[in-house]
Every structure is written in C-alpha cells, then in structure tokens.
2 protein chains.
Amino acid sequence: MTTPKRQEGTSPTPGMLHVPGDCRAVTELLGRVGDKWTVLVVNTLGRGPRRFNELKRELGSISQRMLTLTLRALERDGLVTRTVFPTVPPRVDYELTGLGRSLLEPVSALGGWAVSNREAIAKARQRFDRRAGV
Amino acid sequence: MTTPKRQEGTSPTPGMLHVPGDCRAVTELLGRVGDKWTVLVVNTLGRGPRRFNELKRELGSISQRMLTLTLRALERDGLVTRTVFPTVPPRVDYELTGLGRSLLEPVSALGGWAVSNREAIAKARQRFDRRAGV
DNA sequence: CGGGATCCGTTATGATACTG
DNA sequence: CAGTATCATAACGGATCCCG
C-alpha cells in the first residue's frame, strides 16, 4: 500500500443526518425549495397573506411568470393556499398553510447561518480566488 | 372598493426572518447550496473524510464532473479542505472544515423537516394533481 | 388584476474521451 | 486515482403578447 492511512474515528458531527434515505429527502426538498424564488416568497408570505401583485412588488425583480410558477408549486405542495375572490377586478390572496409556516423555521435556521457566515465565506472565496489567480 | 378586506394582524410567525437583507443572504445561500449535489456531499463528508472515488461510490449516481465541480465550490467557500498526497497512485482527501460542519446543523434541521413532512407534501401533491386532472 | 401561452437565451448537468 | 476537456442537452428563467 503506497497511500497513507487516514485516521478513523473522526468525532461524529452533531446534528448530522444518519439515514441514507434522509439524504434523498433533504436533497429532494432542496431541489424543490432551493430555486431562485421559493424561499423569498415563503418568507414574504410569512409576514402575512399577500395578493399576487403585492408579492410581485415586494419581491421587486421577480418576473410574473416565475412568481406564478413558484406560487403554483407551493400550492401544489400544500405550503400555500390560493383564495380567489370572484370580484371585478379579480383578486387572489396567497397565504401560508400550517405546513408552510412550519417550513419557515428550518429555513430561518439556514438563513441565520447564512447571515452569520456570509463574511467567512466571502473571505474564503477571496483567498481561494487569489491563489487560483496566481 | 369592490374587493373584500383582508384581515390584518396575522400572528407573527416564530422563527421567520425580519430583515430584508436576510432574505438575500438566505436566497444566496440556497442558490449556492441548493444545487443537486452539495447537500449530499456535505452530508456524506459529515460522516468523516473521504477520497474522491469513495465519495463517488457512496453518492452513486453523481457524474465525475459534477463531483469535481461540487467539491471545488465547497473548497472555494471554505467548507471543505482538499488534501493531496503526492503518492502514486495519487490520493486526495476531502474533509469538512469547521465552517462546513457548522453548516451541517441547519441543513439537518431542514432535513428533519423534509423527512417529517415528506408524506404530507406527497399527499398535498396528489390532491392537487387529482383536482387539476379533472 | 391575475394570470396563460409562447419564444428564446442562459445555465446546469450528463456522457464521453483523454491525461499526469 | 483523480481529475480535465469537450460536446450535447435539459432545465431554468426572462420578455412579450394575449385573455377573462
């Protein structure tokens, strides 16, 4: 054997997932929730129900199409309710379901991590890019 | 006014983010971490350091290319260290940094949510699709 | 107002072949 | 073993026009 041995018994990391199936579930969820807008929409709806164009305004740069698609997907997954008022002009309210609100917490945990470590990541990135740039 | 009033004062959701800047940070992170493989790789490395092909085998369906790209990105962000042993055949170990391990926790929180609510989502999806299928 | 339908460029990802 | 390079394609996302 020409390659060195790696030391075994690295301390088990707290909070990690242990079941292989879990990995798929997490990945599935992130594949679902990790798109460009879902989290933003969920967070905005976390501040209360919103109409379509209210959301659009608050999100600023989202296109109509993506907002529609995002909301449809959220509705499909039972995270958001869509209430149509048969008025003229039409009005549609979107609101988080219980399930949707429950998602807000782990997302916020991730958000907290993101905020706390944003700079560390930025610096690591700079270091890496400087080295690579040589 | 022809449209009904929405009741204000929806109970503030616990755990949500309050600062607009936070939203961007979360979205940025999810845009970064929410790709197809990052979480899976981080989780696998959470079980201990791994060699390139060990990872590839454990992840199963990942292509060589994507594993390389994923690992490079993780290294760039300071979440993973890459250790090259100048042996023959070559050997490269990947291992989570402290920062990488700290990410494991919020990711696991999200993972826990995913596992807990997977069925609820699946059922909501079925209901939605049945209705849409009419 | 709240979408649906379509077109089209960009990005992400996979397959394959080659290398130190 | 651990990549790199290239090509092909699929998914994503924006812009635009149209409708009830």
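Values in this document were obtained by computation on a predicted structure and should not be read as measured data.
Take B:R57 and apply the salt bridge (Lys or Arg N to Asp or Glu O under 4.0 Å) test, not counting sequence neighbours, and it matches no residue. For B:E58, the salt bridge (Lys or Arg N to Asp or Glu O under 4.0 Å) test picks out B:R47, B:R50, with sequence neighbours left out. With sequence neighbours excluded, the residues satisfying side-chain hydrogen bond (donor to acceptor under 3.5 Å, both in side chains) with B:R82 are B:Y94. Evaluation of the salt bridge (Lys or Arg N to Asp or Glu O under 4.0 Å) rule for A:R125 yields B:D77 as partners, not counting sequence neighbours. With sequence neighbours excluded, the residues satisfying side-chain hydrogen bond (donor to acceptor under 3.5 Å, both in side chains) with B:W113 are A:S102, B:N117.
Residue pairs meeting the side-chain hydrogen bond (donor to acceptor under 3.5 Å, both in side chains) criterion with at least one partner in residues 64-74 of chain A, sequence neighbours excluded, do not occur; the list is empty.
Only one option out of A:T44, A:V39, A:T38 pairs with A:V42 in a side chain to side chain contact (heavy atoms under 4.5 Å, CB included); it is A:T38.
Panel note: side chain A:S108, backbone A:G111; no donor-acceptor pair is recorded below 3.5 Å. Looking only at distances, a side-chain donor or acceptor of A:R101 sits under 3.5 Å from a matching main-chain atom of A:L96.
A:L45 and B:F128 fall into different hydrophobic clusters, where Ile, Leu, Val, Met, Phe, Trp and Tyr side chains are chained together by heavy-atom contacts under 4.5 Å.
Between A:G31 and B:R57, it is B:R57 whose nearest contact on DNA chain D lies nearer the 5' terminus.
Within residues 60-69 of chain B, the residues approaching DNA chain D are B:Q64, B:R65, B:T68, by heavy-atom distance under 4.0 Å.
Using a 4.0 Å cutoff to heavy atoms of chain A, the contacted part of DNA chain C runs 5' to 3' from C:dC1 to C:dT6. Counting 5' to 3', DNA chain D first comes under 4.0 angstrom of a heavy atom of chain A and last does so at the ends given by D:dG13 to D:dG20.
Using a 4.5 Å cut-off on side-chain heavy atoms (C-beta onward), A:M66 and A:K36 make no contact.
The two residues A:T97 and A:G78 come nearest to each other via the heavy atoms OG1-O, 2.6 Å.
Using a 4.0 Å heavy-atom cutoff across all strands shown, B:K36 reaches sugar-phosphate atoms only and no base atom.
A rotation axis mapping the C1' atoms of four pairs onto the next four is fitted at both ends of the helix from C:dC1-D:dG20 to C:dG20-D:dC1 over five pairs, and the angle between these axes is 40° to 10 degrees.
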Next item on the list: Before giving the answer on side-chain contact (heavy atoms from CB on, under 4.5 Å), spell out for A:L71 and A:L55 the whole-Å C-alpha distance, their side-chain angles and the decisive distance to 0.1 Å.
Entry: CA-CA 10 Å; A:L71 287 169; A:L55 277 172; 3.9 Å; yes

